[in-house]
Amino acid sequence: VIYPGGMLGQLAIALEKMGKEKKAEALWMDIYKKNPYSYYGIISRLKLNKPFEPLDRSPISSEHVKDEESKVIDFFISTDELKLAKKFLSKKSTYAKNISELKSLIPLYNKLKWHKGLLNKFYSIEAVQRVPHTKDFFNHLFPTPFKFHVEKASKKFNIEKELIYSITRQESAFELYSRSFAEAYGPMQITPENASRLSKKFNIVYNSPADLFSPQVNFLMGSALLKKLQERFNDQFIFYVAAYNASKNSVERWAQERYNGDPLQFIELIPYNETKNYVKLVLRNYINYKRLNSKGPFYFPKDIL
């Protein structure tokens, strides 16, 4: 079985553009059945007018964790040797060649709150093994750390917490001390230049880049930036998410040159692959977080596009 990735989704969109609706629909149905939690799997529900069912946060059982491995992690945590703990777990993970072996290590990742390590390992497994088990891992693939700070920022700027989590997951995989080559800091990857401007406009206490490693400061800054971009792009998800990754000037230029009124076709025409993939993955994250927080079935929120 080959699980469809971007190529089938791109082909379906191209067929729609050519007016070949029935062929496109057949492709969307194939993606819907085989890879429902991917970006194109999510778009398939929009195209086929199918609802999203809510998903629960049932954790994976820890009954298969070896006691000695758990004790090693506990020792490293107690001695504040988190780097050594991650190194130990990373080495153990290199021997996890399949899903069942990775499942046995999840409680250890959880002990360390090392979301990035688990995400990297899960997505390194071949799709043919990984995709059928995505639902089993859902709670761990879409975690909700920093709840207090995310909810505070969400209320202050009237931004959905699912959106904040979706951006943060893609920016840093929730690494508090993340620092990029572009000198962006913390979970929501804020640059000092943006921080200086945002602190003045929104009265957020900020003195130096080190402040961006504070969850309270970082999530307020990131949410303030999101709010500004939402207003700039009239709440059009594709544009303000692209601008968070690239820049508002770039997105405005792309929209003028490439946008024909169809936001999904526009995504495929974004000239920077990094930004194109970023928008797709943040949209995937957003819907998946909505599923985890929903109490009942819902349809794709077309109004965000």
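This structure is a prediction, so every number in the text was calculated from the model and none was measured. By convention here, the first residue in the shown sequence is residue 1.
Within the 4.5 Å cutoff, the side chain of Val72 has no heavy atoms near those of the Leu89 side chain.
The same ILVMFWY cluster, assembled from side-chain heavy atoms under 4.5 Å apart, contains both Leu8 and Met18. Residue Leu269 is not grouped with residue Ile43 when hydrophobic side chains (ILVMFWY) are merged at heavy-atom distances under 4.5 angstrom, including chains of intermediate members. In the hydrophobic clustering of ILVMFWY residues, with side-chain heavy atoms under 4.5 Å counting as a link, Tyr123 and Ile125 come out together.
Counting only residues at least two apart or in different chains, side chain to side chain donor-acceptor pair (under 3.5 Å) contacts with residues 270-283 comprise Tyr40-Lys280, Glu171-Tyr278, Asn245-Glu274, Asn245-Thr275, Glu268-Lys280. Legend: side chain to side chain donor-acceptor pair (under 3.5 Å) pairs involving residues 290-305, not counting sequence neighbours, sorted by first then second residue: Glu53-Arg291, Glu160-Lys290, Glu162-Asn293. Sorted pairs that involve residues 206-226 and meet side chain to side chain donor-acceptor pair (under 3.5 Å), not counting sequence neighbours, are lacking altogether. Among residues at least two apart or in separate chains, there is no ring pair (Phe, Tyr, Trp, His ring centres under 6.0 Å) pair with a member in residues 77-101. Applying the salt bridge (charged side-chain N to carboxylate O under 4.0 Å, His left out) definition to pairs two or more places apart or across chains, those involving residues 238-256 are Arg232-Glu252. Each ring pair (Phe, Tyr, Trp, His ring centres under 6.0 Å) pair with one or both residues in residues 15-36, not counting sequence neighbours, would appear here, but there are none.
The two residues Pro192 and Pro209 have their closest heavy-atom pair at CG-CG, 3.9 Å. Between Met221 and Leu198 the shortest heavy-atom distance is O-CD1, 3.5 Å. Ala182 and Thr191 get closest at one heavy-atom pair: O-CG2, 4.2 Å. Of all the heavy atoms in Lys103 and His133, the pair that sits closest is NZ-ND1, 4.4 Å. Smallest separation of non-hydrogen atoms from Pro187 and Thr168: O-CG2, 3.4 Å. Minimum heavy-atom separation, Phe122 to Ile99: CE1-CD1, 3.9 Å.
Note on Lys92 versus Glu69: salt bridge recorded, some NZ/NE/NH1/NH2 to OD/OE distance being below 4.0 Å.
Distance check, rounded to the nearest 0.5 Å: CD of Gln189 to CG of Leu225 gives 12.0 Å. Rounding to the nearest 0.5 Å places CG of Leu220 at 11.0 Å from CG of Leu212. Rounding to the nearest 0.5 Å places CD1 of Ile167 at 8.5 Å from CG of Asn285. In this structure, Leu48 CG and Lys33 NZ are separated by 10.0 Å, a value rounded to the nearest 0.5 Å. For the atom pair CG (Leu11) and CG (Leu15), the distance works out to 4.5 Å, reported to the nearest 0.5 Å. How far OH of Tyr240 is from CG of Leu229: 9.5 Å, rounded to the nearest 0.5 Å.
By the neighbour-count criterion of 12 heavy atoms within 6.0 Å, atom CZ of Phe298 is densely surrounded, having more than that number from other residues, nucleotides or ligands. Counting heavy atoms of neighbouring residues, nucleotides and ligands inside a 6.0 Å radius, atom CD of Glu257 exceeds 12 of them. Counting heavy atoms of neighbouring residues, nucleotides and ligands inside a 6.0 Å radius, atom CD of Glu25 does not exceed 12 of them.
With sequence neighbours excluded, no residue satisfies side chain to side chain donor-acceptor pair (under 3.5 Å) with Ser196. With sequence neighbours excluded, no residue satisfies salt bridge (Lys or Arg N to Asp or Glu O under 4.0 Å) with Asp235. Applying the ring-ring contact (aromatic ring centres under 6.0 Å, His included) rule to His115 yields the partners Phe174; only residues at least two apart in sequence or on another chain are considered. Among residues two or more places apart in sequence or in another chain, the ring-ring contact (aromatic ring centres under 6.0 Å, His included) test is passed with Phe233 by none. Phe213 is linked by a ring-ring contact (aromatic ring centres under 6.0 Å, His included) to Tyr177, Tyr185, counting only residues two or more places apart in sequence or in another chain. Phe76 meets the ring-ring contact (aromatic ring centres under 6.0 Å, His included) test with no other residue; sequence neighbours excluded.
A donor-acceptor contact closer than 3.5 angstrom links the side chains of Ser100 and Asn98. For the residue pair Tyr109 / Ser93, a side-chain donor-acceptor distance below 3.5 Å is found, with atom types taken as modelled.
Ring orientation note: the planes of Phe237 and Tyr286 are tilted relative to one another, at an angle of 30° to 60°.
Judged purely by atom type and a 3.5 angstrom limit, Arg284 has no side-chain atom pairing as donor or acceptor with the backbone of Ser38. Side chain of Asn194 to backbone of Ile190: no donor-acceptor contact under 3.5 angstrom is found. Under the 3.5 Å distance criterion, the side-chain polar atoms of Ser178 are left unmatched by any main-chain donor or acceptor of Glu175. Between the side chain of Asp262 and the backbone N or O of Leu264 there is at least one donor-acceptor pair closer than 3.5 Å. Side-chain atoms of Arg45 do not come within 3.5 Å of backbone N or O of Lys50 as any donor-acceptor pair. Using modelled atom types, one side-chain atom of Lys227 and one backbone atom of Phe157 make a donor-acceptor pair closer than 3.5 Å. Side chain of Ser70 to backbone of Asp67: no donor-acceptor contact under 3.5 angstrom is found. Of the possible polar contacts, one joining the Ser124 side chain to the Lys121 backbone as a donor-acceptor pair under 3.5 Å is found.
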Report task. Take Arg179 and Glu183 through the salt bridge (Lys or Arg N to Asp or Glu O under 4.0 Å) test and state the conclusion after the steps. Result -> CA-CA 6 Å; Arg179 181 175 176 178; Glu183 292 298 296; 2.6 Å; yes

**Report entry** Working for side chain to side chain contact (heavy atoms under 4.5 Å, CB included), residues Ile42 and Asn288
**Finding:** CA-CA 9 Å; Ile42 284 167; Asn288 287 335; 3.9 Å; yes

Requested in this report: Could you walk me through whether Leu281 and Arg169 pass side chain to side chain contact (heavy atoms under 4.5 Å, CB included), step by step?
Outcome: CA-CA 9 Å; Leu281 294 174; Arg169 185 187 185 280; over 6 Å; no

Query - Criterion side chain to side chain contact (heavy atoms under 4.5 Å, CB included) on Asn203 and Ser199, from CA distance to verdict - result: CA-CA 5 Å; Asn203 195 29; Ser199 67; over 6 Å; no

Requested in this report: Please lay out, stage by stage, how Leu292 and Thr144 fare under the test side chain to side chain contact (heavy atoms under 4.5 Å, CB included).
Outcome: CA-CA 10 Å; Leu292 286 166; Thr144 54; over 6 Å; no

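Phe146 and Tyr165 have their aromatic ring centers separated by at least 6.0 angstrom.
Geometrically, Arg258 does not engage Phe266 in a cation-pi contact defined by less than 6.0 Å to the ring centre and at most 45° from the axis.
Evaluated for a ring pair (Phe, Tyr, Trp, His ring centres under 6.0 Å) with Phe239, the options Tyr244, Trp254, Tyr259 yield exactly one hit, Tyr259.
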